[in-house]
Protein chains: 2
Amino acid sequence: MARTRQRAEVDTPSRILDAAERLVQMRGFNGFSYADVASELNVSKASLHYHFPGKAELGEALIGRYAARFADALEEIDGRGGSAPAKLEAYASIYADVLRAHRMCLCGMLAAEYDTLPKAMRTAIIGFFDDNEAWLGGVLEQGQREGSLSLDGSAADAAQTIVSGLEGALLVARPYGDVARFQAAATRLLTSLAAAAP
Amino acid sequence: MARTRQRAEVDTPSRILDAAERLVQMRGFNGFSYADVASELNVSKASLHYHFPGKAELGEALIGRYAARFADALEEIDGRGGSAPAKLEAYASIYADVLRAHRMCLCGMLAAEYDTLPKAMRTAIIGFFDDNEAWLGGVLEQGQREGSLSLDGSAADAAQTIVSGLEGALLVARPYGDVARFQAAATRLLTSLAAAAP
DNA sequence: GTCTATAGGCAGATAGAC
DNA sequence: GTCTATCTGCCTATAGAC
């Protein structure tokens, strides 16, 4: 009989990705090693290489899973069917959760290290940002139709500004370890897009 | 007779700092080695260790020089005596120049790698951001007095938002190698602070 | 001040037993 | 699938000659 019931233990590849993801988000792709992951999971380095032949493949898998999880979160937000400002607030709260876990956005971290990364990872990073901006662009257009948002440029430009602003707020909040600092920047960023009271 | 005339060749410590700075801004502190600097300057690794005993000391020196150069640039902007919006634009153009050189802000890069850095470097990074925000706070208050800027929160909050926004725009523009992308985000960020036409 | 030589450790990666 | 053992190369750093 197939195991349809969820179990507390997850498969080894997922546990590897979990540990590696946390390490990359906290220390960067050049700041962690297979040995770090192995010691954290109490497995050997060779076992890691069995599941992910090289660091490049591990990196690709990390981005792929992270982007898929992000896409799921955005879909979930759409499913709630709220107003555009509410969706933007929900979007920003994803970033706040990342900071609360003492992490950087995975792809923000990799954007900093971009020049040192293998090509497949680079392509995937750009895809992540493109997907986020495409979703935000749709929300911003919705807000304009609703009259809940007032843009002074294109929706695509505003989407880029939101992604940049949130990534930067996350980045600069790291040294301070200050969530309130992030929140202030995020709120200011989003309220600057809100329509004047009608 | 003392050498008062400037020469084309600069001293070795400066040349080391120049090469290391470029490498850190492009590849990160964990993404370059003494060997990289040595081969670029055609000197031995041992010579590097003579001037900077360890990587930590080199890192401290890098931040110190970078912060001092930034402080000089801000002083120069003050010396021009323009309006607050003009000063903000000049401030943003410093970041644009960094991006045009295909680099990340040194301290923005180090903020990403923060968890992996020695304590002295951490302290210096926070000092850099504090100094920048203090200067921006002064400019923003000037703008409020002049009536050229209209803040809906404290000057300190707006200063944080500007630093975050510019660092984030720099970070996300890296994968795309797109200066226009940065410019759009910077302009949007600054115009959102401008006072409505009186 | 700069060099060669080298130490000692850790990186990513592989072979082959179980 | 996971292990031990090992390889090769690069890392930071130091010793000592010039």
Side-chain angles (χ1 to χ4, degrees), chain A residues 2-3 7-63 109-110 113-122, chain B residues 2-3 7-24 26-63 109-110 113 115-122:
Chain A
R3 292 206 290 96
R7 303 176 59 114
E9 311 89 43
V10 291
D11 54 308
T12 304
S14 293
R15 291 181 50 210
I16 295 170
L17 289 172
D18 287 343
E21 182 179 76
R22 190 188 125 268
L23 286 165
V24 174
Q25 289 186 260
M26 294 185 73
R27 307 177 51 89
F29 193 73
N30 295 322
F32 89 104
S33 69
Y34 267 48
D36 294 328
V37 178
S39 80
E40 190 165 316
L41 299 183
N42 286 113
V43 295
S44 67
K45 287 187 293 174
S47 179
L48 269 50
H49 281 284
Y50 170 79
H51 294 286
F52 301 96
K55 214 180 174 187
E57 288 80 8
L58 175 57
E60 287 179 61
L62 283 173
I63 303 172
M109 180 66 83
L110 297 177
E113 301 177 292
Y114 194 77
D115 286 3
T116 70
L117 302 178
K119 187 181 279 183
M121 287 182 68
R122 296 189 187 191
Chain B
R3 292 204 291 99
R7 303 175 59 110
E9 310 88 42
V10 292
D11 54 307
T12 304
S14 293
R15 292 180 52 214
I16 295 170
L17 289 173
D18 288 341
E21 182 180 74
R22 188 188 127 269
L23 285 166
V24 174
M26 294 186 73
R27 307 177 50 88
F29 193 73
N30 295 323
F32 90 104
S33 70
Y34 267 46
D36 295 327
V37 178
S39 80
E40 189 164 318
L41 300 184
N42 286 113
V43 296
S44 67
K45 288 185 291 174
S47 179
L48 269 50
H49 282 285
Y50 170 79
H51 294 284
F52 302 96
K55 214 179 173 187
E57 288 81 7
L58 175 56
E60 287 179 60
L62 283 174
I63 303 172
M109 180 66 85
L110 297 176
E113 300 176 292
D115 285 4
T116 70
L117 301 178
K119 187 181 278 182
M121 288 183 67
R122 296 189 189 191

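Values below: every heavy atom of this structure, side chains too, minus hydrogens, waters and symmetry copies. Chain letters run A, B, ... following the sequence lines, proteins first, then strands; residues in each count from 1.
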* Once you round it to whole Å, what is the distance between C1' of D:dT2 and NE2 of A:His51? -> 8 Å
* Does some side-chain heavy atom of A:Leu41 sit less than 4.5 Å from a side-chain heavy atom of A:Asp18? -> no
* A:Leu23 has an atom CG; how far is it from atom P of C:dA11, in whole Å? -> 12 Å
* Do the side-chain N or O atoms of A:Thr12 get closer than 4.0 angstrom to the phosphate oxygens (OP1, OP2) of D:dT2? -> yes
* Asked: Taking side chain as C-beta onward, heavy atoms only, is A:Tyr34 less than 4.5 Å from A:Lys55?
  -> yes
* Asked: What is the distance, rounded to the nearest whole Å, between atom CG of B:Leu48 and atom P of C:dT2?
  -> 10 Å
* To do: Do nucleotides 4-18 of chain D as a string where each nucleotide becomes B, S or -: B if the base has a protein heavy atom under 4.0 Å, S if just the sugar-phosphate does, - if no protein is that close.
  => B------SBBBB---
* So, do B:Leu23 and B:Glu40 sit near enough that their side-chain heavy atoms are less than 4.5 Å apart? -> yes
* Please confirm whether the backbone N or O of B:Ala120 pairs with a side-chain atom of B:Glu60, one donor and one acceptor, at under 3.5 Å? => no
* To do: Can you measure from CZ (B:Arg122) to CG (B:Leu110) and round to the nearest 0.5 angstrom?
  => 11.5 Å
* Asked: Would you say B:Arg15's side chain and B:Val10's backbone share a donor-acceptor pair under 3.5 angstrom?
  -> no
* Which part of the nucleic acid does B:Asn42 contact within heavy-atom distance under 4.0 Å: base, sugar-phosphate only, or nothing? -> sugar-phosphate
